[in-house]
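Data block below; observations after.
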Amino acid sequence: MSTTNYIGKPTSRVDGPAKVTGTARYAGEYAVANLAYGYVVSSPIAKGKITKIHADEVLALPGVIQVFSHENVPSLAWFDRSYKDLVAPGGSPFRALHDAEIKFSQQPVALVVAENFELARYAASLLRVEYEQEAHETNLETQRAKGYEPGRGKTGFQPPPPPRGNPDKAWEEAPHRMEAEYVHGAQHHNPMELFATTVEWRGDGKITAYDKTQGVYNVQQYLTKIFGLKKDDCRVVNEYMGGGFGAGLRPQYSVFLAVLAALELKRSVRLTLTRQQMFSFGHRPHTLQYLKLAANADGSLAALQHHALHETSHFEDYTENVVNWSGMLYQCENVKLGYQIAKLDVYTPLDMRAPGAASGSVGLEIAMDELAYEAGLDPLEFRLRNYAERDQNQDKPFSSKKLRECYHQGAAKFGWDQRTQAPRSMRDADGKLIGWGIGGGVWDATQQKSAAKASITADGKLTVLSGAGENGAGTYTIMTQIAAETLGLPIEAVTFKLGDTELPEAPLQGGSWTAASVGTAVKNTCEALGEKLLKLAQKMDNSPLKDAKPEDVEFVNGQIRLRADANQAVVLRDVLQASGETKVEADSSAMPNMLKQQQYSLHSHNIVFAEVKVDEELGTIHVTRVVNAVAAGRILNLKTARSQVLGSVVWGIGMALMEETVMDHKFGRYVNHNFAEYHVPVNADIHDIDVLFVEEEDDIVNPLGVKGIGEVGMLGVAAAVANAVYHATGKRVRDLPVMIDKLL
Amino acid sequence: MNSFTYHRATAVQDAVQDKAGHDGSAYIGGGTNLIDLMKENVARPTHLVSVGKLPLADIENLPDGGLRLGATASNADTAWHDEVKSRYPLLNQAILAGASPQLRNAATNGGNLMQRTRCYYFYDLATPCNKREPGSGCSAIGGFNRVCGILGTSESCIATHPSDMCVALAALAPTVRVSGPGGERSIAFDDFHRLPGNQPEKDNTLEPGELILSIDLPKEGFNKNFSYLKLRDRSSYAFALVSVAAALELDGNTITDARLALGGVAHKPWRDQAAEDLLKGQPATVETFARAAAKVLEGAQGHGSNDFKVELARRAIVRALKQAAEGTQTASDVFQNSNP
C-alpha cells in the first residue's frame, strides 16, 4: 500500500495553519525597521488638470516627511514601453503623478508620506489641490457609436474568428428566432486584502518590495524598467494573498508610489490603499451584448450572432475574449461574432475572474434559454442537440471534452427531470415561485513556461522553489502534493516556497494556468532530482537498483524501488546518508509541447443548474440550490478544487443578483465605492452548492492532465440564475444584476 | 481622520459639562457610525466625549408598566433581553434585522437613534451634499438615489434614516429622555427625528449638548400581532430599501389598535397615524391593508432610481400587516438566517 500518493486527494491546505494562526505575512504587514507611511490623495474629478497643490501647508505639520506629486517627482523612464507590464493592453499605461492631467475620477494625485499611518492619513485629508475641470464622458450607452475594433494589444486576446456560413440569411429563414440585448454594469474585484506594498530600503539603492501581486516577476520587471534598477537590487516578494481575482495581475499604482517614495527618501515605506481606493483601478467592464440566434425545426442551431461592446479607458485598449466562446460551445454552421470597445474617462478595465467568458456566457446562455423556449425545447435538451464535437472556430478536435457527462451527471444530481417547462409552473409549499435554470461555458486550458528548483537534505526533507503566485487558490498545497508524490515522500517532509523573485521564474498567477504550468515544472524538477538520487542509490554497496533505468523505478513511501519488484528497494534517507552529500539539488523547467498541442483545441467546460425561489409580490430572490458540473481534466486536490468552484458560484450569484459599481455620470465617479453599498453575497444569500468534477483524462494538455479550475466554475452561473428567475416568474431580465425592482 | 482629544465621562453631568466646554466636540457611544464618518472626514470632531461607560446600560421596568432601555445598553443586549423578547418582540426583530452581530454588540441604543444617513453622496467628499455641507447642493436629486427617500423629502435633501431599530421604536412610540445644559427633558419619539426641510444638516431635535439617557417604552408592546419586514439588496448586512414595522390589536378579526411605521423611505422613521386610524375598527383584510398602504403613500414621490420604492412600500405594508394579523412572527432566540 502506498501512502505517498497525494495527487487527486482532498488534502487540506498546507498553508492553513499559518493563515489561521496569523503567522502568514501579507504585503502590508511585514515588520520592517524605520518605516514611513504613505497615504494616497485621490482626484475628486474625472477629467481636467491640477492647477495647484498646496503641499507647503501639509509639510508644515510635524512628522510629515514629504508630499509627492507631479510637481516634484524625479525624472523617470520616458517611453511608454518602460511602463508596460507583461499583461498590459495596447496603449499608453497610466503613470501616477506623471503630469497635471486628470484622466479618471479617484486618480492618485499625491502621495503624503509621514512618520505614522494616522498622520499620513490626516495630512492627506488636509492637502488642498486645485483643479481645472473639463467635461468628461463616462456613459457607455451614449458612446455606442464610437465603438471600434481593437488591435491585438494584449497577451491572450484573440479577435473573433471570421464569420462562417450566412448567419443573416439563416436567421431569416429559420422557424425559431430570438434577438435581444444583454447588459451588465462594471464590477470591481474587491479582494478582502487591500492593495498594499511594504518597501524595505536595504541601503545603497537596493530594495525589497513586499507587494500584493499575482506575479512578482511582472512587478519586478515593471519597477526595474521605470526606476532603472538592477534586478538584483529589486527583489519582489508576495508569499500570501488575501484574494486577487485578477486585480493583482498588473502592477498597481500603489507599488509604483511606494517604491518611488522609498527610493527618494532612502527609507522603508509602507502604502496601503483604502477600500474606497480599491475602486480606483481596473474592473470588469460595463458590457453590452447583442445576441441573434435561430433554430431549425429539429432544434439544431441555424444561426448565431454575438456582438459585444465594452468600455475601455482613453489611454489603453483593454480587451478580453467575450464573444469567441460562442463560436465553439455549440455546433452551428452560420456564425458571426463581433467585438468592439469604446473609450471612456475611466481607468482601464482589468481582467476579473473568467474575463470575457463570464460576461459572454451571460449573453449566450440567456439567449440559448430564450431560444429553447421559442423552440419549445427543454433548455438542457436543446444544448444536447447542439453539442459541439469539434471546435469550429479553429476547426480542430478537442483534446478532451466531457461536457456531455457534465450535462448528464449534473442533471441527475440536481433532479432536472422533475422540472416542468412552463414558466410559473413550479411552487413550493409556501406558494413561492420556484425556477430552475441552466447556464455553462468554456474556458482555455493553457500552459506557460515555468521553472522550479528542488533540493533534498540528508534528513529526507525536500524543498521545492518556484516564483509562482498564490492568491488563495491552493497553489502551495497542490505543488506540495505533486512534489511529495513524485519523490515518494510524506507530505510533511515537503516544503514548497513561492512568490519571490529570488526563486526560479514562474508566470503570473492567472488564466487558470498555474496548476498546469508550475505543476508540470515541479513534476519535471522532482523527476530530475529523482534521477540524481537513483544514481546515488546505484553507487551504494549491493544496490538492488544497480542496473535500473529511471523508467524502471518508482518513488514510493520514502523508498526507491523497482516497478517490477517492489521488494527490490532502497530507503531514500539511506541513499542520502551513504552518499555523504548534505544536499542534492536539481532544477528544471516546463514548456508547453506546442507541436502536440497545436493540433487540438484545449478547453475546460461546465454546466450550472440553479434553483431560485421568488416571492413574487416583494420581488425577493433566493438561490436555494446550485449544482455545478465541471470537466477540467485531472483534479489535483478535490478539496481545494471544490473550494475554488464554490467561490466561483458565490461570485456568479453576486453577478446575477447584486454586484454592480454604479457610475454617477454627472461626476464621472462610482458612487457606491464602499462595502456598505457595493454588495457581494453574504452567508445568508448562499444555500446549497454542489460541485461535481466529471472524470476527464487528457494527456495532451500537459503531462499532469490538468486544465485549471480558477475560472471555469464561474461560467454560466449568472445566466443559470437569470434563467431560473425567468422559469419561476415568466419575466426575462436581460439587465444584470436582477434586483428587487426589476421583478416588481 | 483628524486629531482629536478624548475624555471618558464618569457621570452624566461630567459628560454634559465636558461637551459644553469643547467647541466642535461630539459624544461617542459604540462608535460604529461616528468612527466611519471620521475616517471618511465627513465628521471632524476635535474632541470626543465617551459616554460608553456611563451608568446608563440598564434595561429596567418602569412604574407605569413600561420598559426603560438605557442609552448605553448595546443593541444586542437590548434585542436579547427577556423583557424585550416577551413584551416587545417587534423591537427584537427590528434590531436583529440590522447590521451584523459584531456591530450590534458594539452599537448602543442612544447611538442607534443618532446614526446618520447612508446616502452615497453624504459619504463622498468629492460630491456636494447639503446634509454634510449646507448650501452645497444635493447630488442625490438627479443622481443615483436608490437608497433615498420617497416621503417627506425636500428640495435640499432626500436622504433616509438608516436604522431598523428606530422603525420599530416609531411604531411603539416611546419617549426619549435626554439631559443637557438646560436640564432634563423627554421627547416623544415621533418628534425626535425631523424632516430635512431647508436644514438637512439637522437630523433630530436635540438641543446642542443634549445627551440621550434612555428610551422609555410604554406599556403596550403589541407582542401578539406584529411584523417587522425588511427588504434589501441582499439577505443580510444591507440597509433597508423599504422596511415596515406593523403592529395590531385584534378583537376577533377586527382591528382595535394599529401601529404602522416605515424605514428606508424618509429622513426619519416614518410613522403614519392617519393610516393607523384608518385601520382601526376595520376587519383585518388585505383590502383594509391596501387602503392603509395607499394612505401612507399619498404624496410619495420617487426621484428616478428609487421610483420602485413607492410600489415596493405599498406591497411591503400590505404584507407586513398581513403577517401581523396572522400573528406568526415571534421574537428570535437564535441568530437569524434568511429562510427562503
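Throughout, protein chains are lettered first and strands after them, A, B, ... in sequence-line order, and every chain is numbered starting at 1. Everything quoted here is computed from the prediction, not taken from an experiment.
Screening A:Glu611, A:His687, A:Lys432 for a side chain to side chain contact (heavy atoms under 4.5 Å, CB included) with A:His622, the sole residue that qualifies is A:His687.
Across A:Met658, A:Glu677, A:Met663, A:His679, the residue that shares the most heavy-atom pairs under 4.5 angstrom with chain B is A:His679. Across A:Ile45, A:Leu618, A:Val614, the residue that shares the most heavy-atom pairs under 4.5 angstrom with chain B is A:Leu618.
Heavy atoms closer than 4.5 Å to chain B are found in the side chain of A:Val662, but not in its backbone. Only the side chain of A:His673 comes within less than 4.5 Å of a heavy atom of chain B; its backbone N, CA, C and O stay farther away. Neither the backbone nor the side chain of B:Leu125 comes within less than 4.5 Å of any heavy atom in chain A. If you measure heavy-atom distances from B:Val147 to chain A, the contacts under 4.5 Å come from the side chain alone. Only the side chain of A:Thr620 comes within less than 4.5 Å of a heavy atom in chain B; its backbone stays farther off. At a 4.5 Å heavy-atom cutoff, the contact between B:Ser3 and chain A is made by backbone and side-chain atoms alike. With a 4.5 Å cut-off on non-hydrogen atoms, A:Asp615 touches chain B through its side chain but not through its backbone. For B:Arg232, the part sitting under 4.5 Å from any heavy atom of chain A is the backbone (N, CA, C, O) and nothing else. With a 4.5 Å cut-off on non-hydrogen atoms, B:Asn2 touches chain A through its backbone and its side chain both. Neither the backbone nor the side chain of B:Tyr123 comes within contact range of chain A; no heavy atoms are under 4.5 Å apart. Contact of A:Leu126 with chain B is made through the side chain alone, with heavy-atom distances under 4.5 Å. With a 4.5 Å cut-off on non-hydrogen atoms, A:Glu617 touches chain B through its backbone and its side chain both.
Between A:Glu616 and A:Arg424 there is a salt bridge, since at least one side-chain N of the basic residue sits less than 4.0 Å from a carboxylate O of the acidic one. The pair A:Arg669-B:Asp124 counts as a salt bridge, with a side-chain nitrogen and a carboxylate oxygen less than 4.0 angstrom apart. Checked for salt-bridge contact, A:Lys49 and A:Glu134 meet the test: a charged N lies under 4.0 Å from a carboxylate O. Taking a cutoff of 4.0 Å between a charged side-chain nitrogen and a carboxylate oxygen, B:Glu311 and B:Arg315 qualify as a salt bridge. Under a 4.0 Å N-O distance rule, the pair A:Asp690/A:Arg625 does not qualify as a salt bridge.
In the model, A:Gln106 has no side-chain atom that pairs as donor or acceptor with a side-chain atom of A:Ser43 under 3.5 Å.
Ring planes of A:His188 and A:Phe279: tilted class, angle from 30 to 60°.
Of the possible donor and acceptor atoms, none in the side chain of A:Glu57 sits under 3.5 Å from a partner among the backbone N and O of A:Leu127.
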